[in-house]
Structure formats: C-alpha cells, structure tokens
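The structure under discussion appears below in the form of structure tokens.
When reading the values below, keep in mind they use all heavy atoms of this one structure, side chains included, and skip hydrogens, waters and symmetry mates. Note that the structure is predicted; figures quoted are calculated from it, not measured.
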Amino acid sequence: MADDEHKPKRRKTKTANDASVVKIGNKTISLSAYLAPEKKPLEKPPSIQEPVATEEPQRDVIKENDPQTQTPHPPKRTTSNGDPSLLKSRKALPIWAHQSEIKASLRGDNDLLLIVGETGSGKSTQVPQFLCDEPWCRRKKAQVQSDTVNVGGMIAITQPRRVAATTLAGRVAREMGTPLGASREGSVGYSVRFDHNVPKGTKIKFLTEGMLLQELLRDPNLRQYSAVIVDEIHERSVDVDLIAGFLKQILSGDKVGRGGIPLKVVIMSATADVEKIQTFFAPHNSRSPVRLLQIKGRQYPVEIKHTSKPVTDIQEALLKQIFDIHLHEPLPGDILAFLTGQEEIESAQRLIEEYCETLASDVPKLLVCPLYGQLSIQAQQNAFLPAKKGFIRKVVLATNIAETSVTVPGVRYVIDCGKAKVKQFRSQLGMESLLAKAISKSSAIQRTGRAGREGPGKCYRLYTSATYDSLKEADLPEILRNDVLGAVLTMKARGINDILSFPLMDFPDIESVEKALIHLHFLGALADDGTITEVGRKLALFPISAPYGRVLLAAREPQYDCLLEVIDIIACITSGDNIFHQLQSEEVREEVEEYRKELYRREGDILTYLTTMQRYAAENADRIEWCKKRKVNIRNMKQALNIRKQLRGICLKEKLLTETPPPDPQPFVPMSPERAISLLKCFMKGFGTKCALLAPDSSYVTIQGKHVVAIHPSSVLHGQKREAIMFLEHVFTQRSYVKKVSTIQADWIVEAMEGH
DNA sequence: AGCTTTCCC
C-alpha cells in the first residue's frame with residue numbers, strides 16, 4: 001500500500017471493512033480462521049476450585065516501595081499477638097509438614113542444608129521461623145583471640161531483589177506477631193539500600209544479596225549471625241555466587257574468627273537442578289553428600305501448547321494467538337505475553353488496538369497493558385489493576401520483568417515468544433552486547449508457570465516442541481556474562497589474594513579475570529604484586545563501579561577539586577538507565593528541546609548531567625512539574641538524590657569530604673568552561689582507556705581495539721563531529737554504540753596515561 | 001545507519 005510508505009514504522013491494519021485481514025509490514029494475514037462465523041457468546045467460567053493456597057506473601061507485585069501501590073488483596077489486619085488465621089494458612093503450606101525434619105537436619109554437627117522448593121512451597125517465609133528458636137540460634141559469648149565477643153543470635157536471609165526482602169519481612173513480622181513499624185522492638189527486620197528497619201531484638205533479618213556482601217567486607221566471619229539462608233540461589237546473580245563462595249569458605253574454615261561457634265547455612269533453590277550446588281558445597285573429604293530436602297510447590301496445572309511449525313513472524317503469530325484466546329476462551333482470564341523489548345511491545349500494542357476496533361460490538365473488549373522496566377510507575381500500574389469485571393480482557397505485553405521481578409494477577413494464558421534480550425560482556429573487546437537470544441528451558445518453564453498462579457492455565461509457546469528440546473537447560477550465570485571487575489575487587493577487598501583459587505560454582509575465563517586484574521591495577525586498586533591498595537579498599541566501599549570510584553577519589557585531589565560535582569554526576573548516571581526520557585514525536589521533541597536547552601552543554605553528557613542535577617536540586621517550586629516539562633525521569637532523579645546523599649555520607653566518613661555540603665536548594669551557578677575541562681580530565685582518571693578519535697572518513701575509532709563506534713542517539717553529542725571523545729559505556733545493540741560521551745582533546749589521552 | 005532485558009551495593 002503506497003500510502004503507508006511515508007510512515008514505514010507505523011504498521012497499520014487494513015480498513016475496517018475487511019475485519020478478517022490484518023496487514024503487518026507488507027504482509028497480509030488472514031484472521032478469518034479465528035473469527036468464528038457465528039460469534040458464540042463467551043461462556044461463564046467454570047467454577048474454580050478453592051485455590052490450594054500459593055501462600056507466598058503478596059510479594060513482587062509492585063516494583064517500588066510506594067505506599068500508594070497496594071496489592072490487589074490488601075494484607076489482613078493483625079493483632080499484636082499475630083493473627084490466628086495467619087497460623088492457619090501457614091499450616092496449610094507444603095513446607096509445614098517438614099518443620100521437624102528441617103530443624104533436626106541442622107542440629108548437631110551438620111551445618112548445611114539444601115532445600116529445593118517450588119513456587120508456593122512457603123520456604124522463604126517459614127524456614128527462618130522454624131529455625132530462629134533452635135538452641136544453636138542463641139547469641140553466645142565467645143573468645144576471639146583475647147577478646148570476648150558476642151556471636152550469633154540472628155538469622156540472615158538473602159533475596160535478589162529489594163521488594164522481596166521488604167515484603168517478605170513484613171509478612172513474616174506479622175506472622176510472628178511483631179508487625180514492622182508498630183514498635184521499636186520486634187523479631188523481624190530487613191536491610192536494603194536506602195531502607196533499613198531492624199528493630200531491637202530482631203531474630204530474622206531479610207536482606208538483599210548486595211547488603212550481605214557489604215556486611216561480609218566489614219565482618220568476614222558474619223559474627224552477628226547464627227545462620228545464613230540463601231534464597232533463590234538458582235537465579236545465579238554475581239552477588240549470590242560470591243556469597244556462596246564466602247559461605248563455603250566459612251563452613252570449611254577453622255571457625256576461629258567466630259570463637260569456635262559454627263555458622264549454619266541453608267541454601268534454597270526453586271529449580272530441581274541441584275547437582276551443581278550439591279557438588280559445590282560438598283566438603284572435599286566427606287563421604288556424606290550435602291543434605292537435600294525437596295518440597296513440592298503449589299501450582300495449578302498449565303497446559304502447554306507448542307506450534308507445529310517454526311514461527312517466522314513473531315508479531316503475526318502473537319496477534320493470531322491473542323485473538324484466538326480472546327474469541328475462544330472464557331472470561332475472566334487475562335493474557336500475559338512475553339516479548340523481548342520496548343519496541344516490540346509498542347508495535348504489538350498498536351497492532352492489537354487497531355485490530356480491536358474492527359471487532360464486532362458483542363465481542364468483549366481487550367485492554368492492552370505494556371509492561372517493561374523503563375515505564376513509569378503509573379503506567380506499570382495498569383498491568384496490575386484488575387480489568388473491569390465482565391466484558392473486558394487484559395493483555396499484558398511484558399519483557400522478562402514479568403518472569404521473576406513482578407507478578408501480574410489474573411493471568412490464565414501465557415504466550416511465550418521464546419526469546420529474551422541478554423547482556424553479555426566481551427572482555428576481549430572491552431564492550432558489552434545486548435541482543436535477543438533464545439531463552440533456556442528453565443526460563444520457559446518459569447514463563448509457563450505464570451499462567452498457573454490463580455487457576456489452571458494455558459501456555460502457548462510460539463515455537464515448536466523440537467525447538468524447546470533444543471534449548472539450554474539453564475541460563476548462563478551472570479558471572480559468566482558480566483564484566484568481572486567488580487567481583488574481583490570484592491574478593492580482593494575481602495582478603496582473597498589468589499582469585500583463581502576462590503571457590504565459585506562457575507569460574508569465568510582466566511583471560512577475563514586477567515583483564516579485570518589489569519584494569520584494577522590501572523585504576524590503582526591493586527599494587528604491582530596484585531595485593532589490594534588503600535585506593536582499592538576505598539573503591540570497594542562505594543556502591544558504584546570501580547572506574548566511577550576512581551574518578552570520585554581523583555576529584556578530591558587539588559588539581560581537580562570537584563568532588564561534589566562528580567558525586568552529582570555519578571548519582572545521575574547510576575540512578576537508572578537514563579535520566580532523560582526518549583522523545584517520541586517531532587512535535588514533543590521541539591517543545592521539550594526548548595526547555596532542555598538550559599541543561600544541554602556542548603562539552604557533552606557528563607556536563608549535561610551535572611547541569612541537570614544542579615538545576616533540579618535548585619528547583620524549589622515543583623520538581624515534578626520541572627521534570628515533566630523537560631521529560632526528565634522523575635523516578636531516576638529521586639533515586640539520584642538518594643545516591644548523592646549516600647555518596648556524600650561515605651565521603652564524609654572516609655574523610656574525603658571535610659564538611660557537610662550545604663542543603664538544597666542552592667542557587668544554580670553554571671560551571672565555567674575552565675573548570676569543565678578540569679572535571680573532564682578528572683573523569684579521564686577512570687576512563688582514560690575509553691576514548692575514540694575522529695577518523696578522516698568522519699567515523700569514530702576507539703584508541704583501544706580500534707573499533708569503529710557511533711555516538712548513541714541518546715547522547716547530546718549524537719551526530720556531532722569532534723576531534724576526540726571520551727565515553728563511559730560501549731554497547732553493541734543495533735550497531736556498536738558509545739554512550740555517556742564527552743568532548744576531549746587528543747593530548748589529554750597521553751596526559752591521562754602518563755600517571756600510570 | 002535515530003535508541004535501551006533485568007537486578008543490586
């Protein structure tokens with residue numbers, strides 16, 4: 001259709017007079033097979049049996065700890081003695097029957113237990129409660145060298161995500177009759193970044209994996225704990241892999257640092273593939289394997305349907321599947337479709353909505369809800385709210401955010417495209433890639449399970465069963481996909497000199513470890529002999545990556561003298577994906593760019609971030625309105641202020657700052673061009689290797705590796721030609737892009753290298 | 001040659 005050619009991106013359905021045909025790109029797809037000749041009224045749903053109680057707390061429903069964002073089923077009120085109905089539901093959990101077995105298995109000399117419990121088994125809430133009254137869990141006095149110290153008394157339980165840690169803590173606190181926030185004393189607490197609630201008398205402390213790692217740096221023996229429970233180890237984050245390594249060392253060590261008192265360790269996983277974990281924790285000289293307890297979960301059955309032939313066009317198959325479900329399956333029952341990214345979601349949404357308009361009026365409406373991380377909280381909220389009763393069905397188009405991070409209520413039908421975008425660091429190239437790849441079986445199973453949380457469901461896989469069989473069992477653990485710079489620094493700071501001998505369930509390539517060691521040496525974090533330096537020790541204390549930490553330390557040196565400014569910039573950069581929203585249409589662009597003019601600096605993104613933070617902090621009237629006008633991400637700016645406060649706090653504690661900075665709002669004073677140069681040179685201390693020069697053919701070529709790179713469209717320098725640039729990120733997506741770009745002079749590169 | 005899966009200190 002020629003009239004569509006001027007808008008190639010906007011795919012259109014055909015006119016309403018031919019409702020059985022959809023046009024996608026240059027293809028015409030017939031939907032007639034799905035439009036039943038006589039549109040039979042949708043049946044009432046069969047009466048659903050009483051749910052078999054997936055008595056996991058209502059966690060993960062909401063991303064942020066926003067008091068506004070209540071779960072669809074608000075928590076029951078409790079009395080100060082605990083709600084008897086809570087005990088009743090606890091007893092209904094599959095894990096309840098194993099209580100004495102779990103207690104018994106950790107008494108005596110056995111310090112390690114592995115529990116495999118599927119979704120809904122209740123392990124996260126119950127296991128710590130089972131253990132916290134055990135005799136070994138009391139705080140004891142012990143001799144460490146010549147000191148008398150307290151050892152034990154608390155149980156730590158780690159979670160990969162903040163929301164999980166805080167909501168589980170809330171749930172367990174209520175179950176134990178000491179609700180959080182009700183009193184200054186209680187038996188349950190939590191600790192996540194920017195949010196700590198550990199009442200006096202806490203026996204059970206939920207924390208994120210990153211928090212426990214920080215505690216490990218300060219106390220390698222974890223003396224305040226009698227036990228550590230590692231939950232969701234199957235997710236295999238870098239942090240949980242490091243924790244597993246440290247715990248293995250503590251278990252097999254001499255316990256001198258704990259005054260001879262053992263640390264009990266419980267490892268919990270949701271997937272049945274446990275051999276690796278068992279082998280990892282098995283002591284070298286032991287004949288007895290690691291004790292293992294397997295507990296069934298409580299899920300409704302989900303019927304799985306594969307395609308008979310490989311799918312060539314995901315959008316087409318998706319559209320057909322959605323309308324097939326919609327026209328043939330009863331209400332209620334929402335649809336959750338897993339797609340790879342924002343663009344795919346947006347184009348699918350357009351197609352569905354356009355096709356919906358052609359549906360007959362007696363067909364229930366479809367409400368399309370996109371769901372991905374960059375979406376604002378309010379926009380995400382739509383996906384969680386129940387659709388209006390009766391004549392409407394919700395279709396949630398999600399990235400893999402809906403796989404583990406959030407739970408969408410009301411879903412009975414899952415559509416799985418079989419792919420996900422995966423970040424992979426290529427240490428040889430010093431860059432990362434972000435590309436859509438086939439998911440693993442375990443990921444496919446996880447997606448399928450999302451259909452069976454509230455009743456029996458169906459999962460439509462947009463791939464064949466042969467394709468499913470060919471999938472890898474599990475995803476590559478993050479430690480094999482990420483830059484190991486941070487992991488190596490954490491080990492070094494925790495006193496692990498010989499990185500190669502550190503116990504890890506999966507060990508990264510030797511070359512990538514070597515690259516990380518060299519990089520850390522370049523940053524001054526390691527001495528020539530590979531031992532950690534004072535600089536390295538400091539870097540490990542900051543909640544930012546080592547190169548940013550190095551810039552922060554340099555900023556305090558007299559020739560740069562820009563610590564507060566560097567903190568502002570790093571706070572913006574590490575607050576989220578991008579503090580600037582992407583501008584969609586041309587009209588919005590023109591209007592917003594007019595406002596953004598006062599933020600943009602010709603020196604590039606670093607100075608633009610600084611200006612943005614300074615103007616935001618100077619804004620005293622209405623920061624929300626200020627952000628809206630400039631299309632600045634409010635969530636990220638609030639987060640940036642939190643990070644700024646935390647970084648300032650650490651700098652004060654570490655004596656990098658001598659006095660408390662003045663409170664907001666401060667009048668905005670633009671940084672002079674001279675100081676801007678000094679600031680950029682300061683960033684070269686951390687990113688001196690990440691520069692590119694303009695080649696005669698006006699492409700940019702990196703100084704290390706000689707890669708041709710393009711300035712990413714999100715940069716204020718996009719489309720501009722400068723002699724030399726410094727970039728903070730290098731990602732391959734559609735092509736090789738550099739992000740967070742600043743103008744530099746070529747001779748600074750030499751200057752920056754001379755110090756090393 | 002105009003863009004970004006998801007967490008976390």
Quiz item: Do any pairs count as a salt bridge (charged side-chain N to carboxylate O under 4.0 Å, His left out) and have a residue in residues 400-409 of chain A, sequence neighbours left out, and if so which ones?
Solution: A/Glu403-A/Arg447
Quiz item: Of all residues at least two apart in sequence or in a different chain, which pass the salt bridge (Lys or Arg N to Asp or Glu O under 4.0 Å) check with A/Glu478?
Solution: none
Quiz item: What is the nucleic acid contact for A/Gln734, judged by heavy atoms within less than 4.0 Å: base, sugar-phosphate only, or nothing?
Solution: sugar-phosphate
Exercise. When you get a sec, tell me which of B/dC7, B/dC8, B/dC3 is the closest nucleotide to the side chain of A/Ser405?
Key: B/dC7
Exercise. Can you figure out which of B/dG2, B/dC9, B/dC7 approaches the side chain of A/Pro713 most closely?
Key: B/dG2
Practice problem: Not counting sequence neighbours, list each pair that qualifies as a side chain to side chain donor-acceptor pair (under 3.5 Å) and has a residue in residues 646-656 of chain A. | Solution: A/Arg193-A/Gln646
Practice problem: Rounded to the nearest angstrom, tell me the gap between atom CG in A/Leu339 and atom P in B/dT4. | Solution: 17 Å
Quiz prompt | Candidate nucleotides B/dT5, B/dC7, B/dC9, ranked by approach to the side chain of A/Lys423 - the nearest | solution = B/dT5
Practice problem: Classify the angle between the aromatic ring planes of A/Tyr463 and A/Tyr468 as parallel (below 30°), tilted (30 to 60°) or perpendicular (above 60°). | Solution: parallel
Quiz item: Which part of the nucleic acid does A/Leu434 contact within heavy-atom distance under 4.0 Å: base, sugar-phosphate only, or nothing?
Solution: base
Quiz item: What's the CG-P distance between A/Leu242 and B/dC7, to the nearest Å?
Solution: 20 Å
Quiz item: Any side-chain N or O of A/Thr340 less than 4.0 Å from the OP1 or OP2 oxygen of B/dT5?
Solution: no
Practice problem: Using atom CZ of A/Phe732 as one end and atom P of B/dA1 as the other, report the distance to the nearest whole Å. | Solution: 18 Å
Exercise. Scan A/Ser237 against the nucleic acid and name what it touches under 4.0 Å (heavy atoms): base, sugar-phosphate only, or nothing.
Key: nothing
Practice problem: Ignoring backbone atoms, test whether A/Thr399 places a side-chain nitrogen or oxygen under 4.0 Å from the OP1 or OP2 oxygen of B/dT6. | Solution: yes
Quiz prompt | Distance, rounded to the nearest Å, where A/Leu207 contributes CG and B/dC9 contributes P | solution = 10 Å
Self-check item: Residue whose nearest DNA chain B nucleotide is more 5′ - A/Arg193 or A/His718
Solution: A/His718
Quiz item: Between B/dC7, B/dA1, B/dC9, which one does the side chain of A/Gln214 approach most closely?
Solution: B/dC9
Exercise. Tell me whether the OP1 or OP2 atom of B/dG2 has a side-chain N or O from A/His712 closer than 4.0 Å.
Key: no
Quiz item: Does a side-chain N-to-carboxylate-O contact under 4.0 Å join A/Glu593 and A/Arg630?
Solution: no
Exercise. Determine: side-chain N/O of A/Tyr737 to OP1/OP2 of B/dC3, distance under 4.0 Å, yes or no.
Key: yes
Quiz prompt | Interatomic distance where CZ belongs to A/Arg644 and P belongs to B/dC9 [whole Å] | solution = 20 Å
Quiz item: Reckon A/Arg481 touches a base, only the sugar-phosphate, or nothing at all at heavy-atom distances under 4.0 Å?
Solution: nothing
Self-check item: For atom CG of A/Asn633 and atom C1' of B/dC3, their distance in whole Å
Solution: 16 Å
Quiz item: Would you say the side-chain atoms of A/Thr608 pair up with the backbone N or O of A/Gly604, donor to acceptor, closer than 3.5 Å?
Solution: yes
Quiz item: What nucleotide, of B/dC8, B/dT4, B/dG2, holds the atom closest to the side chain of A/Arg162?
Solution: B/dC8
Practice problem: When you get a sec, tell me which of B/dT6, B/dC9, B/dT4 is the closest nucleotide to the side chain of A/Ile401? | Solution: B/dT6
Quiz prompt | Residues touching DNA chain B, which here means a heavy atom under 4.0 Å, drawn from residues 574-582 of chain A | solution = A/Asp577, A/Asn578, A/Gln582
Quiz item: How would you list, by chain and number, every residue that makes a salt bridge (Lys or Arg N to Asp or Glu O under 4.0 Å) with A/Lys597, sequence neighbours excluded?
Solution: A/Glu594
Exercise. For A/Arg589 and for A/Pro160, find the nucleotide of DNA chain B with the closest heavy atom, then tell me which residue's nucleotide is more 5'.
Key: A/Arg589
Quiz item: Taking only residues two or more places apart in sequence or in another chain, which ones pass ring-ring contact (aromatic ring centres under 6.0 Å, His included) with A/Tyr737?
Solution: A/His712
Quiz item: Nearest-Å distance, CD (A/Gln380) to P (B/dC7)?
Solution: 8 Å
Quiz item: Rounded to the nearest Å, what distance is computed from the CG atom of residue A/Leu435 to the C1' atom of nucleotide B/dT6?
Solution: 15 Å
Self-check item: Validation row, ring centre A/Phe542 to ring centre A/Tyr548 under 6.0 Å
Solution: no
